[in-house]
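The structure appears right after this line, and notes come after that.
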Amino acid sequence: MLEKKYNSKESEKKWQDFWIENNIYKFDINSKKIYSIDTPPPTVSGKIHIGHVFSYTQIEIIARYMRMKGYNIFFPFGFDDNGLPTERLVERKIGKKAHQISREEFNKNCLEITHQYEAEFKELFKSLGFSADWGLIYSTISEKAQKASQKSFLDLYKKDLVYNSKSPSLWCTECKTSIAQAELDTKEVETTFNYIKFRVPELNKDLEIATTRPELLPGCVAVFVNPNDKSKSEFINKEIEIPLFGFKVKILSDDKVDIEKGTGAVMCCTFGDVTDVAWWKEYKLPIKNIIDKNGFISEDIKKYGGLKSQEARKLIIQDLKESGFLIKQEVITHQVGVHERCGTPVEFSVSKQWYIDILNHKSDFIEAGNKIEWYPKNMKARYNDWVENLQWDWGISRQRYFGVPFPVWYCEECGKLILADEKDLPVNPLTCLPKKSCECGCEKFIPEKDVMDTWATSSLTPLINLNWASDEEPENNDFIKKMMPMSLRPNAHDIIRTWDFYTIVKNLYHTGKLPWENIMISGHVMAQKGEKISKRKNNSNMEPENLLKNFSADAIRYWTANGRLGNDILFSEEELRSANKFINKLWNVSKFALMHLEDYDPDKKPELWPMDKYILSKMAKMLRELELNLDKYESGLGLKAFEKFFWEYCDNYIEIVKHRLYNPDIFGKEARESGQEALYQTILQILKTAAIYIPHITEEIYQSFFIKIEKTISIHLTRILDYLSKFEIDESLIKNGDMIIDLISETRKFKSENNISLRAKIKTLELEISTELSEIFDFEKILTDIKNTSNTSEIKIIGCESGYKIKNIVLE
RNA sequence: GGACGGUUAGCUCAGUUGGUAGAGCAUUCGCUUGACGUGCGAGAGGUCAGGGGUUCAAGUCCCUUACCGUCCACCA
């Protein structure tokens, strides 16, 4: 028997512990059917928010579904705990910037703080009923991940797919590191477009140039006009004088110049933007580094050196104005590339960086994308879009501290690059030396100080988790042979261009294989329409910890399961309440069922009454629909089908079977046994189905009764679709049953319209029913059910041509 | 500027291959029915963004316009 009220707080904790103690979600490599999930490791950069709960629960529901379909699930959980986001968290926490303390001290802080956060993350996901195998937990700063990252680097080096080069790279002056194209965000900023007069002495004329960045004037290395711009053709190849600074550069022509934009003449500085970089390369222009790595104008620029670039801009504009060079200013808003981690506009900096060659293999990546099944389909377009528009190789070195080191030294004498030995990995070149001296005989080495970007590691999650970097040769590594490609990569749409893309790159380069067969892309949770969840705004009612105080994990999960794959949804507390309603209803209907199943005998196979057969068949139909949707990872659509069935079941079927369950003395023992059989099968199946969405309450009910008969230790190890081999979908049975339900509904409608109680007795119910219908199946039993559900004393049947109709209702 | 979504009831959203518009919430009326008042029953509420086309038939397919969103490009 179940308690009158369900106590979620007590129950949820109890079953979470039970699952762990009994290894319910343990992965077994020897299973015949394995379903593997490449779980996204949340970035350890702050608190878990509702968006994580949303997308991770969608993943988790799929894991449960696949498990109950009979797969053993490889479902590791991980943390992305190295790299810039983590460093920024730690800097906030300790109140110091990384460069202000020693590297050792800073890294120690990082490890401590990330461990605290990870423990919290793990607790939170556990308390949401996550069915990950917690024995498979991984972290991107772990030794195993470091080893994989370094092995990846060595392998790429061997394959000539990674190189270092001293060239302009995207640079963040706030984080003081280079960054990759994928880490750019755009921000709209208001600025002035400054029209400046440049002197061309040879022609004794002025050329006007418009720029938003006059502080780059001292870095000007050329001026460009469009070759087709007739008004400016006389300027081509002439020398032009830079205002305020007096030095001269050449005027060149290039069709990248937009005649319509500004004045149609552009100054090229090293470096203001991507075009500058392209021109610098193409025309072999010199480099004048104006902005240093901290965002200051370099010291050797007279007057402006040492100023922050913004201050220099102001001062230069003022000076231009005073010297008569500034013709006019326009206020414009434009999009500026900023670093996604800190919002600082990016600069370009010439420095030595490591790159992975991706531009030469774009078509391989597109082809790989085509071989993976994308859910929803249209998300593949984002991937293709990104790959096709790549402009830079993948920069992986960062001038930071807490990350995986490059396993590399340079010979102090000849500068030769020395790689670590694979068997020594992971190594930290800062604290150890190469095992042999350099070919030139020198024994002194300069370690590579840079660390790898976190994506260089997280792009290896399949390889990390499949033990690619173990000492075994890949050919002998059964694990990787059996598990690659993994079944599923799940993540939200914002990291298609990073995590998904980079993982495909790495996997192809290292193994020649696809990392996974399927990819499911979930959406985001929005605070309001069009408003992302943001830490700055007060969204504390949405913080998972607070939600868990006010709602059960099951309710939160139930809400999360709604929504279509790939679509953003709005946070809504009302819908959480409606989840509670469902859970409450499930408890109550189970309570009712268990009350009537105390003497249920599973071995007795009673002759089933028509409406009992009907509900069993209807259930099968719903299950097929559920399967169809969940196989496409559409947990929300699956839930919808289930929900519809469930409420109809409670409101109609239970009302029909009730009288037979309560009154075997009137309707016979067989009538009750038939009802019990249907009740047992349907409630059990309802629980199994609901179990993938709301695992706690379903386990509670299962354990309190069904386990005695079913024997399986946990409902989560039972099979969800076995039902379909026992009960068929009989369309005509369903159609006729639906008609009977309609008919009973009409008697309710009659009572409701007459404002009388539903229990009110009907003296006579006159029904027109076609002979065709009345002969279909066991009609006497149907009449008994109709009569007792509508509380009718007598039914009069009148034959008719087709269908059915209520002719008359006579109340007592 | 490009790509991809979206526009359906007051609100949030479903609508599979074209065949009489659906759910939840909110609202109105009624019902203390032996699981449940966190309940039950009934009702009201929609030119499916606008326009055009294909078709016997279009929310659904095609074209087009407008607006919203996301990602990307545009930083002179």
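Please read all numbers here as calculations on a predicted model, not as lab measurements.
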Practice prompt. Name the residue closer to the 5' end of RNA chain B, choosing between A:F592 and A:W386 according to the nucleotide with the nearest heavy atom.
Written response: A:F592

Worksheet item: Of A:Q335 and A:N378, whose nearest nucleotide on RNA chain B comes first from the 5' end?
Response: A:N378

From [atom1] of [X] over to [atom2] of [N], roughly how many Å is that when rounded to an integer?
| X | N | atom1 | atom2 | result |
| --- | --- | --- | --- | --- |
| A:N629 | B:U16 | CG | C1' | 8 Å |
| A:N194 | B:C75 | CG | P | 16 Å |
| A:N791 | B:G41 | CG | P | 16 Å |
| A:L565 | B:U16 | CG | P | 16 Å |
| A:D385 | B:G1 | CG | P | 17 Å |
| A:E183 | B:C72 | CD | P | 12 Å |

[M] and [N], which share atom name [atom1], separated by this distance in whole Å:
| N | M | atom1 | result |
| --- | --- | --- | --- |
| B:U54 | B:U16 | P | 24 Å |
| B:U55 | B:G18 | C1' | 9 Å |
| B:G59 | B:A42 | P | 28 Å |
| B:G69 | B:A26 | C1' | 26 Å |
| B:A44 | B:G2 | C1' | 46 Å |
| B:A66 | B:C29 | C1' | 41 Å |
| B:G39 | B:G15 | C1' | 29 Å |
| B:G45 | B:G1 | C1' | 43 Å |

Worksheet entry | Short side-chain N/O contact from A:T191 to OP1 or OP2 of B:C75, under 4.0 Å | no

Worksheet item: Would you say a side-chain N or O of A:N567 is under 4.0 Å from OP1 or OP2 of B:A14?
Response: yes

Proximity of [X] and [Y] rings by center, below 6.0 Å:
| X | Y | result |
| --- | --- | --- |
| A:W559 | A:F571 | yes |
| A:F582 | A:F646 | yes |
| A:F365 | A:Y383 | no |
| A:Y680 | A:Y600 | yes |
| A:F271 | A:W280 | yes |

At under 4.0 Å between heavy atoms, what does [X] touch on the DNA or RNA strands: base, sugar-phosphate, or nothing?
| X | answer |
| --- | --- |
| A:R564 | sugar-phosphate |
| A:F193 | sugar-phosphate |
| A:K261 | base |
| A:E634 | nothing |
| A:S572 | nothing |

Compare the minimum distances between each of [options] and the side chain of [X], then state the nucleotide with the smallest one.
| X | options | result |
| --- | --- | --- |
| A:R497 | B:C74, B:C72, B:A3 | B:C72 |
| A:N580 | B:U38, B:A14, B:C13 | B:U38 |
| A:K749 | B:C75, B:G43, B:A73 | B:G43 |
| A:W647 | B:A14, B:C40, B:C71 | B:C40 |

Fill in: A:K362 to A:W394, cation-pi by 6.0 Å centre distance and 45° axis angle
no

Worksheet item: Quick one: does NZ or CZ of A:K632 land under 6.0 Å from the six-membered ring centre of A:Y375, within 45 degrees of the ring axis?
Response: no

Worksheet item: Can you check whether A:E598 reaches A:Q676 side chain to side chain, under 4.5 Å on heavy atoms?
Response: no

Item to complete: Look at the rings of A:Y502 and A:W455 and say which category their plane angle falls in: under 30° parallel, 30 to 60° tilted, over 60° perpendicular.
Response: tilted

Worksheet, complete the sentence: Applying the 3.5 Å cut-off to both distances, the Watson-Crick or G-U partner of B:A23 turns out to be B:U12

Practice prompt. Take nucleotides 17-33 of chain B nucleotide by nucleotide from the 5' end and write B, S or -, depending on whether a protein heavy atom sits under 4.0 Å from the base, only from the sugar-phosphate, or from neither.
Written response: -------SS----SS-B

